[in-house]
Amino acid sequence: MVFTPVTMKIDLAKELAEELSIEEVFSFKIGNTSISVDESTVVSVIITVAMTLLALILTRNLKVEGELTKRQLLLEMLYIKAENFFKGMLEPKAYRYIPWLMSVALYIGVANIIGLFGMKPPTKSMQVTAVLAVTSIVLVEYAGIRAKGFGGRLKAFAKPVWIITPINILELFTKPMSLCMRLFGNVLAAFTIMELIKIVTRNILIPIIPSLYFDIFDGLLQAYIFVFLTTIYIGEAVETPEEEPKEKKIKHKKLKTKTN
């Protein structure tokens with residue numbers, strides 16, 4: 001009996017390029033300008049609408065007094081734990097930004113694991129991660145200006161010593177770039193590895209264990225890192241130098257009066 005070897009040619013580069021490409025879903029014109037809407041935009045809208053509807057359903061008929069439902073108790077527990085996490089990293093004057101940080105964390109987390117439902121993660125597109133990063137840095141600068149005033153925020157660039165002012169100004173560009181590339185690179189790498197596994201196995205063997213790591217754990221981890229860094233940046237922006245204790249101020253005043 002002679003066995004004829006069966007060869008299967010797999011063009012990994014071509015198939016991977018097709019999976020990684022972000023295709024146009026539809027386009028429309030406003031005057032002479034043509035506007036294209038791609039997959040990442042459509043999936044982002046789907047995620048936003050789904051999260052909004054889910055929030056409305058889960059927060060329906062909440063009570064302030066009386067017997068609370070298990071649903072409300074669970075929601076309150078999750079919210080308090082998340083709020084305490086951010087409060088441990090921020091000053092009280094920055095607490096107003098916690099709802100925004102929670103919303104971004106939820107969006108990125110859902111966007112990163114949306115591949116489990118057969119959709120391409122929108123965070124696989126650099127334009128999505130870039131917008132998220134720029135929005136975060138704009139919020140950071142707004143928080144700093146609100147806490148210190150415009151002049152105080154400008155003075156912060158010259159601290160701790162004036163000679164590093166150019167480096168502090170450069171951070172306005174390096175921080176969003178770091179946030180963008182870190183999120184984009186990790187999501188793209190996870191997506192690429194999963195697609196390679198699917199292409200090589202031809203879905204004969206369901207890659208459950210890699211999927212649990214790359215599609216769920218790594219996706220949620222990247223959401224955590226993005227929000228964690230943004231929280232640190234906000235904390236640094238609103239942070240004010242500690243004032244001298246009253247006893248030291250009194251001593252300084254006495255010394256000045258003696259010298260005079």
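Index from 1, following the sequence.
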Query raised in the report: Counting only heavy atoms not in L53, do more than 12 fall under 6.0 Å of its CG?
Result: yes
Query - Given I225, V104, L101, the one that forms side-chain contact (heavy atoms from CB on, under 4.5 Å) with T230 - result: L101
Report summary line: Separation between CD1 (I114) and NZ (K120), nearest 0.5 Å, reads 14.0 Å
Query raised in the report: Closest heavy-atom contact between I234 and A143?
Result: CG2-CB, 4.2 Å
Query raised in the report: Same cluster or not: are Y142 and Y233 linked, directly or through other Ile, Leu, Val, Met, Phe, Trp or Tyr residues, by side-chain heavy atoms under 4.5 angstrom apart?
Result: yes
Report summary line: In short, V187 meets K124 closest at the heavy-atom pair CG1-N, 4.0 Å
Query raised in the report: Should N112 and L220 count as side-chain neighbours, where that means a heavy-atom distance under 4.5 Å?
Result: no
Requested in this report: Verify the distance criterion only: is there a donor paired with an acceptor across the side chains of S44 and Y107 at less than 3.5 Å?
Outcome: yes
Query raised in the report: Is there a donor-acceptor pair under 3.5 Å between the side chain of S178 and the backbone N or O of T174?
Result: no
Query - Where A237 and R153 come nearest, the two heavy atoms and their spacing - result: CA-NH1, 3.7 Å
Requested in this report: Using the side chain to side chain contact (heavy atoms under 4.5 Å, CB included) rule, take L62 and R71 through it: C-alpha gap first, then chi angles, then the decisive distance, then the call.
Outcome: CA-CA 9 Å; L62 296 183; R71 169 173 55 90; 3.9 Å; yes
Query - Same apolar cluster (I L V M F W Y, side chains within < 4.5 Å links), L183/V138 - result: no
Query raised in the report: Which heavy-atom pair separates A156 from K148 by the least distance, and what is that distance?
Result: CB-NZ, 3.8 Å
Query raised in the report: Does one side chain, of T165 or N168, offer a donor that lies under 3.5 Å from an acceptor on the other?
Result: no
Query raised in the report: If you take all heavy atoms of Q127 and T41, which pair is closest and at what distance?
Result: NE2-OG1, 4.1 Å
Query raised in the report: To the nearest 0.5 Å, how far apart are OG1 in T52 and CD1 in I57?
Result: 11.0 Å
Query raised in the report: Same cluster for F228 and I137 if Ile/Leu/Val/Met/Phe/Trp/Tyr side chains link at under 4.5 Å?
Result: yes
Report summary line: In terms of heavy-atom contacts, P122 and I47 come closest through CG-CD1, 4.0 Å
Query raised in the report: Is a side-chain donor or acceptor of R146 paired with a backbone partner of K93 at a separation under 3.5 angstrom?
Result: no
Report task. Could you grab the distance from atom CD of Q222 to atom CG of N186, nearest 0.5 Å is fine? Result -> 3.5 Å
Query raised in the report: Do P99 and F86 come within less than 4.5 Å of each other through their side chains, counting heavy atoms only?
Result: no
Query raised in the report: About how many Å separate CD1 of I98 and OH of Y79, when rounded to the nearest 0.5 Å?
Result: 7.0 Å
Query raised in the report: In chain order, what residues pass the side chain to side chain contact (heavy atoms under 4.5 Å, CB included) check against L106, with sequence neighbours excluded?
Result: M51
Report task. Look up atom CG in N84 and atom CD1 in I80, then write down how far apart they are to the nearest 0.5 Å. Result -> 7.0 Å
Query - Hphob cluster co-occupancy, L179 + I232, side-chain heavy atoms under 4.5 angstrom - result: yes
Query raised in the report: With a 4.5 Å heavy-atom cut-off, do V42 and M119 have their side chains touching?
Result: no
Report summary line: Here the gap from L188 atom CG to T123 atom OG1, rounded to the nearest 0.5 Å, amounts to 9.5 Å
Query raised in the report: Between the main-chain N or O of F226 and the side-chain N or O of R182, is there a donor-acceptor pair closer than 3.5 Å?
Result: no
Report task. Kindly work out whether a path of hydrophobic side-chain contacts (I/L/V/M/F/W/Y, heavy atoms less than 4.5 Å apart) joins L139 to Y95. Result -> yes
Query raised in the report: Just wondering, do L68 and E76 contact through their side chains at under 4.5 Å, heavy atoms?
Result: yes
